[in-house]
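The structure follows.
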Amino acid sequence: MKPQFRTCPETGLVFHRPAENLIKANAVAAVIFLAVGGLLGLLVALTRWPAVQILNAQDFYTVLTGHGVVMLLVWILYFEIALLYFCSAVLLRSRIATPRLGWVAFGLMLVGAAITSWAIIAGSSSVMMTSYVPMPADPKFYFGLILFAVGALIGVFIFFGTLAIARDEKTYEGSVPLVTFGALTAAILAVFTIACGAIILIPTWLWSIGYISEIDPLMYRLVWWGLGHTSQQINVAAHVSIWYAIAAIVFGAKPLSEKVSRGAFFLYILFISVASAHHLLGDPGLSTEWKIFNTSYVMYLAVLASLVHGLTVPGSIEVAQREKGHNKGLFEWLRKAPWGNPVFSGMFLSLVGFGFIGGISGVVMGSEQVNFLIHNTIYVPGHFHATVVLGTTLAFMAMTLWLVPVLFRRKTFMPGLAKWVPWLFGIGTGLQTLFMMGAGTLGVSRRHWDMAFTGSAFEWAYPGMAHTLMALNGVSAIIAVLGGMCFVVVVVGTILFGQRTNPAEYSETRPAVLRGPSESLVGHGQIGFKGFPAPGTFVLAMFLLLIFVVYFFVNYGYLASVWRFS
Amino acid sequence: MSAIQPPAQRVWWKQPVDRVEIVWIAIALVWCLIMFFFMPYWHVYGEQNYSGEAYRVNPQDYVAKVNEFVEAHTVRHETDRQIPVVRPPAGGDVYLLARLWEWYPILELQKGETYRFHVSSADWQHGLSIQPININFQVLPGYDMVLNITPTEAGEYAVVCNEYCGIMHHTMLSRIYVVDN
């Protein structure tokens, strides 16, 4: 048998050659689609900047559809497949299951993405990512998405298969690492998501070619959001796993406790899927009980899980830093963190942005009544750019900046430029989210080519501030895209021109069994004070909670000021 | 026991938990429960709720109802397109139709009166967005959504479509007048 495994001398990670190749291919495809989607996003933001309005209406809706599909599905799922292979084969030192099938999955995703892109570019499928029936798209649009989803599903099952192989061949001792556990959470959510996608997209495709006469729009929305929202919950599980992974890689941080962190992931598995119901709060016909159960009771247990990760991830970093001697005051651990290392700064900006902007706004707007204030306004893209872009994409970028040099055995290309990536991208995106949320609060609708309503029988002007906010959104998008361009330059440059480090030495022997540290079970009593090993993090968490509470009630106060309806 | 290694002990769920985590989980759980109970609370004591009243309707039948409503209560016409302005009796039914790419008709309501407000679509999905109060609902073909609405301030309001419905989506704009008695 051909030598199959190599050990990375810098990181100690063990790579199975076919797994390594699949991770490379999926990650590179992801970054290419990110670059494409980012440029489309710039065009969207420059069109919504009232004084610029770079595209005409038709092109705008085409580009907006492309931006949504490429970013929310293609970039993110490609990266997640790479991540799943990494968290199974590499972290468990296992061979990957059915590598040939892995290439089939890769190919199906590529062909599917190409077919859908073709349908979008042709201009016949400007139906947005949501493709709400009965607005029709070209049959190719749905068919490409189905192929893409099948490919992704195969990737997910290869992940499960690899876990089974690793367990069977005893490549590790004890339980899987926390990061793999988080990836498993993401994979389970992915199966649910893709099942919803199949249940709704296959009939919709049949409808588009004339085999089914009608699809109920409310049923479409209910099932579609099982795909549309839950796919973003895969991202949450995935990027939280990356936060833990980067805390471990950069600081050697240990989870405060495995029980709490894993319990929080488990809450995601149980409860997070029903959160997709909050897209239907302004829809006709759904009962109050149904809405409250789906969006609040169960969702808030998933919210609880995110609040837990929000403490345990920075908490584990704080403990690791304090153990290294940065033990003064509340925040020395944070001041002395490696802010110039883009892997860390990207991860930390992702954590803060996701928590403070994405998390709070998501829960508040998802509460049953407040939703009426912002449903389908540009507040909604503001919110999900905070979760999916500032949270997920930035975390994935940070991971990529670490992973690419390791995978390709090259030094980072232009490390000085790499330092800027999280700051430009994170701050640009962070400002965008705030400006969009502000404009949405003033009523600006989403998916709208012209907020001045040119050509309408009536006139209506949003407040001047709304126009200003949309202009500022455009400026911030330029900053974010600059950060994204730096990222692509660094990644592509590293792969093509990075200085070679060690040659790959594949060996015929099986890698040593992966063991956890042998230390006994102890708390962190010697750090911090009074059983609070991470007091700084606790203070930050209380600060988050304070903002959360204030923002929640401010919104209900605003709601109380509008027309009465029941 | 780093997060990318297996836990030191197979039985990781027996590891002691730091007090910081327990305290935070307790606080966070209390806040989650407050948010949960606040929604039913608002249903009882708040004045802005939608309880889900809606009826299946054939789009053609709904259009017929709207036309009947317009015929019965039109008070004048506006714009060069001669769009009817309809003033329904206080407390009565109001029908609003969304279709490519207009809201039909223009409504004139009395401040402080409650109306049974119906809204549906004749074709694709639309979004009912009343500005500047920024109240937003989804409008679906085949569903007659009923809201009991009480305009509380007089003035001129805009009705914006905020669900993408095709190339002229951005022109789908109308009016609601709220007048003092």
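This one's a predicted model, so the numbers in the text were calculated from it and none came from an experiment. Scope of the values below: all heavy atoms of this structure, side chains included, with no hydrogens, waters or symmetry mates. Each chain gets a letter, A, B and so on, in the order the sequences are listed, and its residues count up from 1.
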Which atoms of B:Ile83 come close to chain A, meaning under 4.5 Å heavy atom to heavy atom: side chain ones, backbone ones, both, or neither?
side chain

Enter the distance from A:Leu178:CG to B:Ser2:OG here, rounded to the nearest 0.5 Å.
9.0 Å

Interface residue of largest heavy-atom contact number with chain A, from B:Gly46, B:Pro40, B:Gly142, B:Ser120, under 4.5 Å:
B:Pro40

Does any backbone or side-chain atom of B:Leu128 lie under 4.5 Å from a heavy atom of chain A? Answer side chain, backbone, both or neither.
neither

Shortest non-hydrogen contact between B:Ala28 and A:Leu307, atoms and distance
CB-CD1, 3.7 Å

How long is the straight-line distance from CZ of A:Phe293 back to CE of B:Met39, given to the nearest 0.5 Å?
12.0 Å

Contacting region of A:Glu173 [heavy-atom separation from chain B under 4.5 Å]
backbone

For the student: nearest non-hydrogen atoms of A:Val176 and B:Pro7, plus distance
O-CD, 3.7 Å

Please report the shortest heavy-atom distance between B:His170 and A:Ala57, naming the atom on each side.
CE1-CB, 4.3 Å

Do B:Gln138 and A:His279 meet the criterion of a side-chain donor-acceptor pair at a distance under 3.5 Å?
no

For A:Phe553, is it the side chain, the backbone, both or neither that has a heavy atom under 4.5 Å from a heavy atom of chain B?
side chain

Region of A:Phe552 in contact with chain B, defined by heavy-atom distances below 4.5 Å
side chain

With a 4.5 angstrom heavy-atom cut-off, which part of B:Val139 approaches chain A: side chain, backbone, both or neither?
neither

Do B:Asn134 and A:Tyr379 have side-chain N/O donor and acceptor atoms under 3.5 Å apart?
no

Which heavy atom of B:Ala3 sits nearest to which heavy atom of A:Ala248, and what is that distance?
N-CB, 3.9 Å

May I ask you to decide if the ring planes of A:Tyr61 and B:Tyr164 are parallel, tilted or perpendicular, using 30° and 60° as cut-offs?
tilted

Any chance you could lay out the side chain to side chain contact (heavy atoms under 4.5 Å, CB included) test for B:Gln48 and A:Phe372, step after step, and finish with the verdict?
CA-CA 9 Å; B:Gln48 291 80 17; A:Phe372 302 133; 5.6 Å; no

Considering only heavy atoms, which portion of B:Glu156 lies under 4.5 Å from any heavy atom of chain A: side chain, backbone, both, or neither?
backbone

Measure distances from A:Met451 to the heavy atoms of chain B and classify the residue's part below 4.5 Å as side chain, backbone, both or neither.
neither

As an exercise, state the distance from CD1 of B:Ile27 to CG of A:Leu311, rounded to the nearest 0.5 Å.
9.5 Å

When the 4.5 angstrom heavy-atom criterion is applied to A:Val363 and chain B, the contacting part is side chain

Under 3.5 Å, is there a donor-acceptor pair between the A:Arg515 and B:Gln5 side chains?
no

Bottom line for A:Thr537: the part with an atom under 4.5 Å from chain B's heavy atoms is neither

Region of B:Ser51 that comes under 4.5 Å of a non-hydrogen atom in chain A:
both

If one checks every heavy atom of A:Tyr556 against chain B at 4.5 Å, the contacting part turns out to be both

Which of these, B:Phe137, B:Tyr115, B:Tyr50, sits in a ring pair (Phe, Tyr, Trp, His ring centres under 6.0 Å) with A:Phe565?
B:Phe137

Is A:Ile249 in contact with chain B via its backbone, its side chain, both, or neither, using a 4.5 Å heavy-atom distance?
side chain

What's the separation between atom CD1 in B:Ile167 and atom OG1 in A:Thr62, rounded to the nearest 0.5 Å?
7.5 Å

Pick one of side chain, backbone, both or neither for A:Phe251, based on which atoms fall under 4.5 Å of a heavy atom in chain B.
neither

Greatest number of non-hydrogen atom pairs under 4.5 angstrom with chain B, of A:Arg564, A:Lys259, A:Arg447, falls to A:Arg564

Given a strict heavy-atom distance threshold of 4.5 Å, which part of B:Thr114 is in contact with chain A: side chain, backbone, both, or neither?
neither

Start with the C-alpha distance between B:Tyr143 and A:Asp283, add both sets of side-chain angles, then the distance that settles side chain to side chain contact (heavy atoms under 4.5 Å, CB included), and finish with yes or no.
CA-CA 9 Å; B:Tyr143 289 86; A:Asp283 281 31; over 6 Å; no

Heavy-atom closest contact (A:Leu256 atom, B:Val20 atom, distance):
CD1-CG1, 4.4 Å

Inter-residue atom distance B:Cys161.SG - A:His448.NE2, 0.5 Å rounding:
7.0 Å

